[in-house]
Amino acid sequence: MPNFYPSNEQELLNRAKLAAGYSFAEIAQYVNMPIPANLNKQKGWVGNLIETYLGANAGSKAERDFASLGIELKTIPINKQGKPLETTFVSVIPLMANHGVIWETSHVKYKLSKVLWIPIEGERSIPLAERKVGHPILWTPTFEQEQQLKQDWQELMDMIALGQVEKITARYGTYLQIRPKAANGKALTEAIGENGEIILTRPRGFYLKKSFTLQILQNSMTHFIN
DNA sequence: TGTTGATCATAT
DNA sequence: ATATGATCAACA
């Protein structure tokens with residue numbers, strides 16, 4: 001594989017468009033990555049595959065995939081109708097030291113300020129190697145979408161600051177929800193308890209609900225070439 | 001059958 | 001433990 005690193009937005013987008021219609025097997029062969037039988041033991045494999053192909057380099061740093069371009073990369077599994085099959089992980093949530101943190105400087109707004117969405121076939125009935133890459137969508141939140149996210153974010157962050165983290169379930173939030181995000185149930189992190197004390201709880205992450213990402217997909221009229 | 005809560009791999 | 005990449009799978 002030739003070394004590729006996008007020097008500007010258009011280069012990145014062109015590169016992403018080239019992948020549309022190709023199978024995971026074809027992309028994997030191109031970047032020389034082995035294909036697992038399924039995603040059970042490598043849930044982030046497709047994301048890593050696309051990252052490698054597009055030349056993302058943030059690694060595990062808390063940085064957007066294409067830092068110099070200010071772009072975050074997200075693969076999104078869809079069904080035959082083009083609808084999202086899974087929620088989209090956004091970021092881990094800081095549960096402590098949130099005094100003074102506002103939406104404008106939040107990790108969520110930062111990460112979602114510009115996203116290159118790569119729809120991918122995600123139905124488990126399709127062998128992983130045969131699933132195809134879809135057409136890229138370079139997205140920036142509309143004013144309305146940002147307000148939707150901001151509202152949920154503020155409600156949820158308020159609860160965390162007020163020591164109600166244990167009361168939060170995935171049912172809170174219209175478009176942005178909070179769910180556990182950890183290696184397993186034994187992972188613990190500090191948070192604020194009911195009486196302002198420090199407690200240990202499962203690490204949490206912000207996720208975009210499918211109803212939100214569906215808007216993005218539909219607005220761009222994404223489809224696969226077969 | 002759709003969601004919520006749980007989990008897998010890897011780098012630092 | 002926390003960050004990256006997410007999907008799995010139990011349960012309502």
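Numbers restart at 1 for each chain; the letters A, B, ... are given by sequence-line order, proteins then strands.
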Under-4.0 Å side-chain N/O to phosphate OP1/OP2 contact, A:Thr87 with B:dT4 = no
Are A:Phe212 and A:Leu176 close enough that some pair of their side-chain heavy atoms sits under 4.5 Å apart?
-> no
Heavy atoms under 4.0 Å, any strand shown: does A:Glu190 hit a base, just sugar-phosphate, or nothing?
-> nothing
Look at all strands and tell whether A:Gly47 reaches a base, only sugar-phosphate, or nothing, counting heavy atoms closer than 4.0 Å.
-> sugar-phosphate
Describe the nucleic acid contact of A:Thr88 in one word from base, sugar-phosphate, nothing, applying a heavy-atom distance below 4.0 Å.
-> nothing
Does A:Lys181 get its side chain close enough to the base of C:dT4, under 3.5 Å, for a donor-acceptor pair?
-> yes
Atom-pair distance (CG on A:Asn38; C1' on C:dA9), nearest Å = 13 Å
Rounded to whole angstrom units, what separation is found between the CD1 atom of A:Ile118 and the C1' atom of C:dA6?
-> 15 Å
Separation of C:dA1 atom P from A:Met96 atom CE, nearest Å, is 15 Å
For the base of B:dT7, is there a side-chain donor-acceptor partner from A:Lys43 under 3.5 Å away?
-> yes
A:Gln42 has an atom CD; how far is it from atom C1' of B:dT10, in whole Å?
-> 10 Å
Heavy-atom check, side chain of A:Ile160 versus side chain of A:Met157, under 4.5 Å | yes
Separation of B:dA6 atom P from A:Lys41 atom NZ, nearest Å, is 18 Å
Should the heavy atoms of other residues, nucleotides or ligands under 6.0 Å from CD of A:Gln151 be counted, would the total exceed 12?
-> no
Of A:Leu85 and A:Ala182, whose nearest nucleotide on DNA chain B comes first from the 5' end?
-> A:Leu85
Assign each of A:Pro180 and A:Ile93 to its nearest nucleotide of DNA chain C by heavy atoms, then name whichever residue's nucleotide is nearer the 5' end.
-> A:Ile93
Are side-chain N/O atoms of A:Thr174 and A:Gln148 paired as donor and acceptor at under 3.5 Å?
-> no
Return the value, rounded to whole Å, for the distance between atom CG of A:Asn48 and atom P of B:dA9.
-> 13 Å
Salt-bridge contact A:Lys109-A:Glu104 (side-chain N to carboxylate O under 4.0 Å) = no
Counting only side-chain N and O atoms of A:Asn40, is one of them less than 4.0 Å from OP1 or OP2 of B:dT7?
-> no
May I have the distance from A:Glu72 (atom CD) to C:dA3 (atom P), rounded to whole angstrom?
-> 14 Å
Looking at A:Arg171, does any N or O in its side chain come under 4.0 Å of the phosphate oxygens OP1/OP2 on B:dT3?
-> no
Side chains of A:Gln10 and A:Asn14: donor-acceptor distance under 3.5 Å anywhere?
-> yes
A:Glu86 or A:Gly44, whichever maps to the more 5' nucleotide of DNA chain C = A:Gly44
Candidates B:dG5, C:dT7, C:dG5 - which lies nearest the side chain of A:Pro77 = C:dT7
When you check the phosphate oxygens OP1 and OP2 of B:dT3, does a side-chain N or O of A:Lys210 lie under 4.0 Å from one of them?
-> yes
Just checking A:Arg124: base, sugar-phosphate only, or nothing, at a heavy-atom cut-off of under 4.0 Å?
-> base
Closest-nucleotide ordering on DNA chain B, the 5'-leading residue of A:Asn184 and A:Gln177 = A:Gln177
Contact class for A:Lys83 (heavy atom, under 4.0 Å): base, sugar-phosphate, or nothing?
-> nothing
Which part of the nucleic acid, if any, lies within contact of A:Tyr172, taking any heavy atom under 4.0 Å across all strands shown: a base, the sugar-phosphate backbone alone, or nothing?
-> nothing
How many Å lie between CD on A:Glu121 and P on C:dA6, as a whole number?
-> 17 Å
